[in-house]
Amino acid sequence: MTAGTAPPSPPPSGAPTAGATRQWRGVVAEYADRLPPEVGTGTVVTLREGGTPLIHSQGLSQRTGCDVWLKFEGTNPTGSFKDRGMTTAISAAVTAGARALICASTGNTAASAAAYAAKAGLTCGVLVPRGKVALGKLAQALVHGATVLQIDGGFDAALSMCRSLDESEAVELVNSVNPYRIEGQKTLAFEVCESLGRAPDVHVMPVGNAGNITAVWRGYHEEHAAGRTAGLPVLRGYQAAGAAPIVRDQSVENPCTIATAIRIGNPASWGPAIAAAEESGGSIRAVTDRAILSAYRLAAAQEGVFCEMASAASIAGLLELADAGELTAGETVVCTLTGHGLKDPDWAIAGAATPPVIAADVDTAAQRLGLRDVA
Ligand code: AN7
């Protein structure tokens with residue numbers, strides 16, 4: 001048989017060969033029994049999201065007197081926790097026959113939706129606030145082939161437009177108002193409990209559109225109800241002070257913060273977020289941009305974890321709780337670091353001196369690196 005007449009080889013199955021060792025399968029496969037059947041029984045659109053590291057922080061443990069762990073969601077396929085809810089929302093959408101997706105976003109939801117839409121072969125439209133999206137997130141949405149529209153307005157206006165389009169057009173909305181998003185995002189709590197062998201005493205996280213705190217509470221509840229954990233954590237949510245509608249108990253017309261991911265004035269999951277915080281015996285409070293920036297630098301310089309600005313709100317919150325004496329010594333505390341710092345490197349560069357240029361000379365390099373005595 002010549003090459004020209006060879007029958008086409010069968011399409012790749014994606015199944016591992018007999019000798020393959022284990023790979024994390026993604027949250028739908030790993031937690032199929034704890035997700036709605038619509039998600040796991042049809043087509044599963046996955047980039048093997050989840051399975052993110054829970055990193056112990058010696059520095060923050062010493063500083064707070066607690067046992068502090070960082071759940072780093074920046075290692076997800078598109079660099080944020082949004083992938084957990086996107087695999088479930090888009091798997092359900094594909095199984096139901098959807099062809100087109102839409103979302104409003106401060107950046108990460110758009111990046112995630114665009115990637116999973118590309119994987120599934122769907123079209124994806126994203127509405128973002130003009131000029132307020134980190135460059136890396138915009139780059140992701142564009143390179144994955146989404147149609148990006150910049151709205152002359154904020155996230156809240158963009159989400160409102162998307163809700164209208166969801167009603168009038170043949171399109172699937174994949175913001176966290178889509179129930180499958182929350183279902184996927186609850187898996188973060190499952191992983192934390194499995195990694196610790198118990199539920200933490202306190203879980204600190206940023207709050208924007210408020211889907212994540214809602215989802216994480218559901219996850220902890222389910223672990224507890226199933227008898228896998230004995231306790232439930234106290235949830236501590238943090239908004240940015242210039243974008244803190246839940247804290248102020250009224251929507252914010254023009255939210256303002258350097259943490260553009262949580263620059264949201266009218267959160268979709270407002271009610272459920274308050275319920276989650278209250279039922280857990282916790283709170284939703286605000287941290288200043290100054291505290292967020294300082295926590296962002298601390299995470300990178302002292303912990304080796306490069307998270308994005310919004311994510312650092314959880315560490316800023318942790319430090320405020322510690323300073324106010326609201327943590328009990330020895331408690332196990334988890335901070336979610338929701339997204340990767342590479343999405344918005346401008347802030348990292350802005351805070352550092354420009355690296356000096358030297359001749360390509362070893363002696364000079366050794367001296368400038370402080371490896372030799374000048375004398
Ligand atoms: C890094 O991408 O709302 O309280 O449109 O990107 O569940 O909204 C992002 C939110 C925290 C807040 N950290 O989570 C969007 C969007 C990061 C984020 C949040 C977001 P929610």
Side-chain angles (χ1 to χ4, degrees), residues 52 71-76 78-86 89 102-115 126-129 132-134 136-138 140-141 146 148 151 154-159 162 173-178 181-182 184-186 188 204-219 235-240 243-246 255 257-270 272-274 276-277 284 287 292 295-296 299 306-317 335-344 347:
T52 58
K71 182 67 171 164
F72 186 37
E73 289 290 287
T75 67
N76 273 299
T78 77
S80 88
F81 73 97
K82 303 287 181 183
D83 295 343
R84 294 178 183 276
M86 213 50 79
I102 196 169
C103 67
S105 183
T106 57
N108 279 325
T109 299
S112 185
V126 309
L127 273 54
V128 300
K132 297 290 184 186
V133 174
K137 301 174 189 179
L138 201 56
Q140 289 178 287
V148 180
I151 305 305
F155 169 84
D156 304 291
L159 180 56
C162 283
L173 180 63
V174 294
N175 279 104
S176 57
V177 292
N178 178 319
R181 280 281 311 279
I182 304 285
Q185 285 173 206
K186 75 184 180 186
L188 183 142
V204 195
M205 74 198 80
V207 172
N209 210 25
N212 206 29
I213 191 167
T214 305
V216 165
W217 184 236
R218 185 182 298 176
L235 300 190
R236 300 287 190 183
Y238 284 90
Q239 301 195 295
I246 297 177
T257 171
I258 58 172
T260 53
I262 52 173
R263 187 175 167 273
I264 293 173
N266 187 17
S269 297
W270 191 321
I274 291 181
I284 295 175
V287 278
I292 291 174
Y296 164 86
F306 189 17
C307 67
E308 65 174 280
M309 206 58 84
S311 310
S314 63
I315 293 180
C335 294
T336 307
L337 299 182
T338 44
H340 206 292
L342 283 172
K343 286 175 175 270
D344 193 5
W347 278 107

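Whatever order the structure lists them in is the order used to number ligands and atoms, beginning at 1. This is a predicted model, so every value here is computed, not measured.
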Of the backbone atoms (N, CA, C, O) and the side-chain heavy atoms from C-beta on, which set of Ile264 has a member under 4.0 Å from an atom of ligand 1: side chain, backbone, both, or neither?
-> side chain

Pull out every atom of ligand 1 sitting under 4.0 Å from any heavy atom of Asn209, numbered as shown with elements.
-> 4 (O), 8 (O), 21 (P)

Contacting atoms of ligand 1, where contact means under 4.0 angstrom from a heavy atom of Ile262 = 11 (C), 12 (C), 19 (C)

Are Gln185 and Phe81 close enough that some pair of their side-chain heavy atoms sits under 4.5 Å apart?
-> yes

Show which atoms of ligand 1 fall inside a sub-4.0 Å distance from at least one heavy-atom site of Asn108.
-> 1 (C), 2 (O), 6 (O), 17 (C), 18 (C)

Report the part of Glu308 in contact with ligand 1, treating N, CA, C, O as backbone and CB onward as side chain, heavy atoms under 4.0 Å; options are side chain, backbone, both, neither.
-> side chain

For ligand 1, which atoms, with element, lie under 4.0 Å from some heavy atom of Thr106?
-> 2 (O), 3 (O), 5 (O), 9 (C), 15 (C), 16 (C)

Numbering as shown, the atoms of ligand 1 that approach Val207 to under 4.0 Å (heavy-atom distance) = 4 (O)

Sub-4.0 Å heavy-atom approach of Ala210 to ligand 1 | yes

Would you check if Leu337 and Phe72 make a side-chain contact, meaning some heavy-atom pair closer than 4.5 Å?
-> yes

Number the atoms of ligand 1 from 1 as they appear, then name those within less than 4.0 Å of a heavy atom of Gly211, with their elements.
-> 4 (O), 7 (O), 21 (P)

Nitrogen or oxygen of Thr338 less than 3.5 angstrom from that of ligand 1 | yes

How long is the gap from CG on Asp156 to CZ on Arg263, to the nearest 0.5 Å?
-> 9.0 Å

Which value, rounded to the nearest 0.5 Å, describes the distance between Ile262 atom CD1 and Met309 atom CE?
-> 10.5 Å

Please step through side chain to side chain contact (heavy atoms under 4.5 Å, CB included) for the pair Ser80 and Thr338, ending with a clear verdict.
-> CA-CA 6 Å; Ser80 88; Thr338 44; 5.9 Å; no

Look only at interatomic distance and state if Asn212 has a nitrogen or oxygen under 3.5 Å from any nitrogen or oxygen of ligand 1.
-> yes

Donor-acceptor contact present, side-chain Ser314 to main-chain Ser311, <3.5 Å | yes

Does the side chain of Ile258 come within less than 4.5 Å of Trp347's, by heavy atoms?
-> yes

Any heavy atom of Ser105 under 4.0 Å from ligand 1? The part involved is both

Just which atoms of ligand 1 are under 4.0 Å from any heavy atom in Gly107?
-> 2 (O)

Report the part of Lys82 (side chain from C-beta onward, or backbone N, CA, C, O) that has a heavy atom under 4.0 Å from ligand 1; answer both or neither where that applies.
-> side chain

Do the non-hydrogen side-chain atoms of Met205 and Glu73 ever get within less than 4.5 Å of each other?
-> no

After noting the C-alpha distance and the side-chain angles of Thr106 and Lys132, does the key distance pass the side-chain hydrogen bond (donor to acceptor under 3.5 Å, both in side chains) rule?
-> CA-CA 7 Å; Thr106 57; Lys132 297 290 184 186; over 6 Å; no

Phe155 heavy atoms within 4.0 Å reach ligand 1 at atoms 5 (O)

